Asker: 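Structure in structure tokens, see below.
These values consider heavy atoms only, across backbone and side chains, with no hydrogens, waters or symmetry-generated copies. Chain naming here is simple, since letters A, B, ... match the order of the sequence lines and numbering starts at 1 in each. Fair warning: this is a prediction, and the values are worked out from it, not measured in the lab.
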Amino acid sequence: MAEERLRVQVAGRELEVSHLDRVLWPGDGLTKADFIGYLLQVAPYLLPHLRDRPLVCTRYPDGAGAPGFYQKDAPAGTPPWVRTWPHRTREGRRIRFILADEPATLAWLGQQAAIEIHPWLSTIHHPHRPDWVVFDLDPGPRATFAMAVEVALLVRQVLAALELEGYPKTSGATGLHVFVPILPEHPYPVVTEFARRLAGVVERLRPALVTTVRAVAQRPPSSVYLDFLQNGLGKTLVTVYGPRPRPGAPVSMPVTWDELERGVDPGTFTLRTAPARLQQVGDLWALAEAGRRSLTPACRRLGLDVAAGRPLPSPV
DNA sequence: GCTATGA
DNA sequence: TCATAGCAACGCAGG
DNA sequence: CCTGCG
């Protein structure tokens with residue numbers, strides 16, 4: 001059977017697709033056609049959260065059961081209408097990051113088998129100043145999702161004491177992400193230091209439940225790893241509504257605190273089920289986007305000298 | 001999934 | 001003509 | 001210094 005390439009129109013753009021029957025999620029029977037169809041279905045919800053953010057993709061052309069690879073630089077052959085943003089890394093490397101601002105770009109990423117889409121925490125308008133603080137809650141091998149929820153509620157509580165609001169989403173794997181929408185006022189090092197201190201507070205509240213230690217061997221297997229180090233230039237977490245290359249084709253889904261407290265099963269959010277949920281509950285993440293606040297007062301309360309543009313050593 | 005490369 | 005390599009990245013902590 | 005980690 002000859003390889004079939006198809007020219008298709010997507011929202012006014014022309015692109016080529018192929019291998020539409022290739023199974024990307026073995027065991028789930030989900031094909032590349034399903035994947036592209038999903039991306040186009042959720043495009044109205046997804047695109048606003050990707051807009052103007054450099055993307056890092058992980059691609060699985062041979063399916064989620066085979067090795068994938070990261071891609072940052074727009075590959076040769078990228079359609080000319082795909083928007084890119086040239087960036088010079090500290091090491092002087094030039095990277096043309098992909099920006100997704102229209103449905104056709106998502107379809108093209110689907111054709112590229114870019115199963116995971118990871119947007120930066122800052123936009124190209126303020127590349128060095130993030131507009132999210134993120135916490136990645138990862139239950140250890142002997143910990144449960146319910147324990148991750150417990151930790152998320154603690155994070156929420158500490159944020160509330162600082163008059164900040166956190167928004168949770170499932171990670172699409174075993175854990176949770178808590179995102180805090182902030183005004184892009186401070187450079188990454190300040191935000192990282194803020195996150196470090198907040199994580200420290202949470203860890204001290206429940207030392208048996210929470211660990212902030214990076215070395216896997218040193219983490220109690222029954223604790224939840226509270227990772228604040230993803231708050232950095234070029235660091236990313238998987239996008240909201242983004243699928244993962246895991247059995248069941250789970251997606252990272254925003255949830256309400258109420259859903260978490262009621263014990264929602266993160267496994268229910270998949271490529272197959274997410275579109276219906278989006279139709280029913282709408283874009284919960286738009287609420288988060290609408291809630292941006294200054295991080296400055298919270299920094300001050302945690303003893304961070306914001307004016308210096310970088311954290312000062314803790315006065316103790 | 002696709003291009004650039006070197007044989 | 002064909003097979004294959006490349007496709008990110010880097011600071012930070014612990015040892 | 002090297003290594004593991006995300």
Asker: Parallel, tilted or perpendicular for A:H87 and A:H128, by the 30°/60° rule?
Answerer: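 Tilted, since the angle between the ring planes falls between 30° and 60°.
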Asker: Nearest of D:dG6, C:dG14, B:dG1 to any side-chain atom of A:Q112?
Answerer: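 Comparing D:dG6, C:dG14, B:dG1 against the side chain of A:Q112, the answer is B:dG1.
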Asker: Of the nucleotides C:dA13, C:dA8, B:dA4, which one has an atom closest to the side chain of A:R214?
Answerer: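 The nucleotide sitting nearest to the side chain is C:dA13.
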Asker: Measure CG/A:N231 against C1'/D:dG6 and give the value in whole Å, please.
Answerer: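 My rounded result for the distance is 12 Å.
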Asker: Among C:dA8, D:dG6, B:dA4, which nucleotide has an atom closest to any side-chain atom of A:A76?
Answerer: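 Between C:dA8, D:dG6, B:dA4, the one nearest the side chain of A:A76 would be B:dA4.
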Asker: Would you call A:E193 and A:R196 a salt bridge, using N to O less than 4.0 angstrom?
Answerer: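 Yes, A:E193 and A:R196 are salt-bridged.
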Asker: Should A:R219 be listed as having a side-chain N or O under 4.0 Å from OP1 or OP2 of C:dG14?
Answerer: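 No, outside the criterion.
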Asker: Report the distance from atom CZ of A:F228 to atom P of C:dG11, rounded to the nearest whole Å.
Answerer: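 That distance rounds to 16 Å.
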Asker: Tell me whether the OP1 or OP2 atom of C:dA8 has a side-chain N or O from A:R94 closer than 4.0 Å.
Answerer: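 Negative; the distance criterion is not met.
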Asker: If you check every side-chain atom of A:R93, which of B:dG1, D:dG6, C:dA8 has the closest atom?
Answerer: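 Output: C:dA8.
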Asker: Determine whether a donor-acceptor pair (one donor, one acceptor, N or O, separation below 3.5 Å) exists between the side chain of A:R59 and the base of B:dG1.
Answerer: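 Check passes, donor-acceptor contact within cut-off.
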Asker: Take atom P in C:dA8 and the same atom in B:dT3, then report the distance between them in whole Å.
Answerer: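 To the nearest whole Å, 16 Å.
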Asker: Students often mix this up, so state it plainly: with edges at 30° and 60°, are the rings of A:Y241 and A:H49 parallel, tilted or perpendicular?
Answerer: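 A:Y241 and A:H49: tilted rings.
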Asker: Taking atom C1' in both D:dG4 and C:dA9, what distance in whole Å separates the two?
Answerer: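 Here D:dG4 and C:dA9 have their C1' atoms 14 Å from each other.
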Asker: Test your reading of the model: is there a side-chain donor-acceptor pair from A:R197 to the backbone of A:L302, 3.5 Å cut-off?
Answerer: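 Answer holds: yes.
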